[in-house]
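What you are looking at is a predicted structure, and each value in this text was computed from that prediction instead of being measured. Residue numbers start from 1 in every chain, and the chains themselves are labelled A, B, ... in the order their sequence lines are given, proteins ahead of strands.
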Protein chains: 2
Amino acid sequence: MTRPRLEFWFDFASTYSYPAAMRIEAAAAKAGVDLVWRPFLLGPLFASQQCLKDSPFNVFPTKGAYMWRDVARLCAGYGLEFAKPSVFPKNSLKAARIAVAAAGQDWMVEFVRAVYLANFVHDHDITEPAVLARCVADAGGDPAAALAATETGEVKQALRAATEEAARKGLFGAPSFVTVDGELFWGNDRLEQALAWAARSADKR
Amino acid sequence: MTRPRLEFWFDFASTYSYPAAMRIEAAAAKAGVDLVWRPFLLGPLFASQQCLKDSPFNVFPTKGAYMWRDVARLCAGYGLEFAKPSVFPKNSLKAARIAVAAAGQDWMVEFVRAVYLANFVHDHDITEPAVLARCVADAGGDPAAALAATETGEVKQALRAATEEAARKGLFGAPSFVTVDGELFWGNDRLEQALAWAARSADKR
């Protein structure tokens with residue numbers, strides 16, 4: 001039997017990706033599903049698919065007002081701290097490059113969670129190298145090497161390729177989950193359904 | 001103790017309102033919550049809030065493709081039949097007027113479900129008086145009286161007022177749920193959370 005696997009696509013600026021990132025590891029372990037953490041940038045998808053140059057939550061304030069209340073309510077239900085950031089969305093390019101460069105390294109997942117906490121609990125500026133360096137260090141990585149990697153053509157290209165792959169797979173929001181058999185699930189509230197699908201489709205192979 | 005109550009806001013053209021309408025009565029009974037069925041029109045809200053003259057699922061095809069797959073998957077999970085309608089969205093004005101006029105009558109809820117089945121299972125044209133008349137008759141109402149009511153100024157105005165109330169309450173999509181203490185929940189996947197909130201907030205009063 002193939003071991004079940006699920007891709008977890010996230011953007012560090014995405015509010016609903018925060019609770020998903022904090023709870024996915026325990027949920028996946030419980031479901032017996034391996035995770036592939038896939039950082040990408042949502043901005044280019046909003047631009048190409050919906051002609052949006054800003055978050056839809058800023059462009060459409062009624063949706064935005066609901067989203068902030070909804071995320072606060074959800075986090076309270078999960079027992080997660082949450083504070084509305086003073087700037088939204090924060091540019092997630094540099095953080096995403098670090099995460100892409102860290103793929104397969106043992107501090108990557110802890111770094112991802114550290115950045116989400118920095119953004120959505122401590123309201124730190126995740127565009128700042130010093131803030132990101134601390135997230136890398138807290139996760140057990142090498143801050144200088146991680147920051148240097150963000151300026152290499154290889155890492156820049158890898159993030160562009162990931163975002164193009166997200167578009168090809170039909171993504172239009174974050175968080176999203178993609179199963180090995182190509183099934184797409186969008187939203188923190190689809191996490192359990194995506195894990196169940198991944199586990200079932202692995203049973204069939 | 002005040003008996004818990006939840007408003008269920010729906011549009012007959014809204015795909016995600018279909019599974020919500022089919023399962024809300026059993027879920028509310030289980031949670032001990034009374035329901036207030038609130039028909040409204042989503043179109044005017046899309047127009048005023050997002051400058052959209054069509055469903056966002058048509059305007060943004062990537063989101064649309066996902067939505068059809070997601071609704072089919074959800075309905076399969078709930079054990080509900082579902083067939084993608086040949087026309088989307090179908091104009092829900094006349095059906096909504098009948099539902100508004102039927103408020104408080106014992107056939108209203110059954111009529112609502114009949115219209116959803118007509119639209120999302122049998123692909124009938126819910127703009128057609130003959131189709132709506134059959135839905136009224138199947139639900140136990142008087143088709144001639146129900147259709148006549150849709151042409152009265154009183155009923156037209158009542159639906160306009162409902163849609164304006166929806167906007168005032170912060171709605172931007174359907175289905176939506178509003179508690180007595182003003183808490184808004186959006187989406188079929190928030191039904192259980194909304195019912196739990198309604199039950200808890202009634203306990204506190």
TODO: Write down the atom of Tyr66(B), the atom of Phe172(A), and the distance for their closest heavy-atom approach.
DONE: CB-CE2, 3.3 Å

- [ ] Using a heavy-atom cutoff of under 4.5 Å, enumerate the residues of residues 73-108 of chain A that contact chain B, numbered in order, or state 'none'.
- [x] Arg73(A), Leu74(A)

Open item on the list: Nearest 0.5 angstrom please: Gln193(A) CD to Asp70(B) CG, how far?
Closed with: 6.5 Å

Open item on the list: Can you tell me if Trp186(B) has over 12 outside heavy atoms packed within less than 6.0 Å of its CH2?
Closed with: no

TODO: Return the option, out of Arg69(B), Gln49(B), Arg190(B), with the maximum number of heavy-atom pairs under 4.5 Å with chain A.
DONE: Arg190(B)

TODO: Using a 4.5 Å cut-off on heavy atoms from C-beta on, say whether the side chain of Phe60(A) contacts that of Gln50(B).
DONE: yes

Task: Contact class of Leu171(A) relative to chain B, heavy atoms under 4.5 angstrom - done: backbone

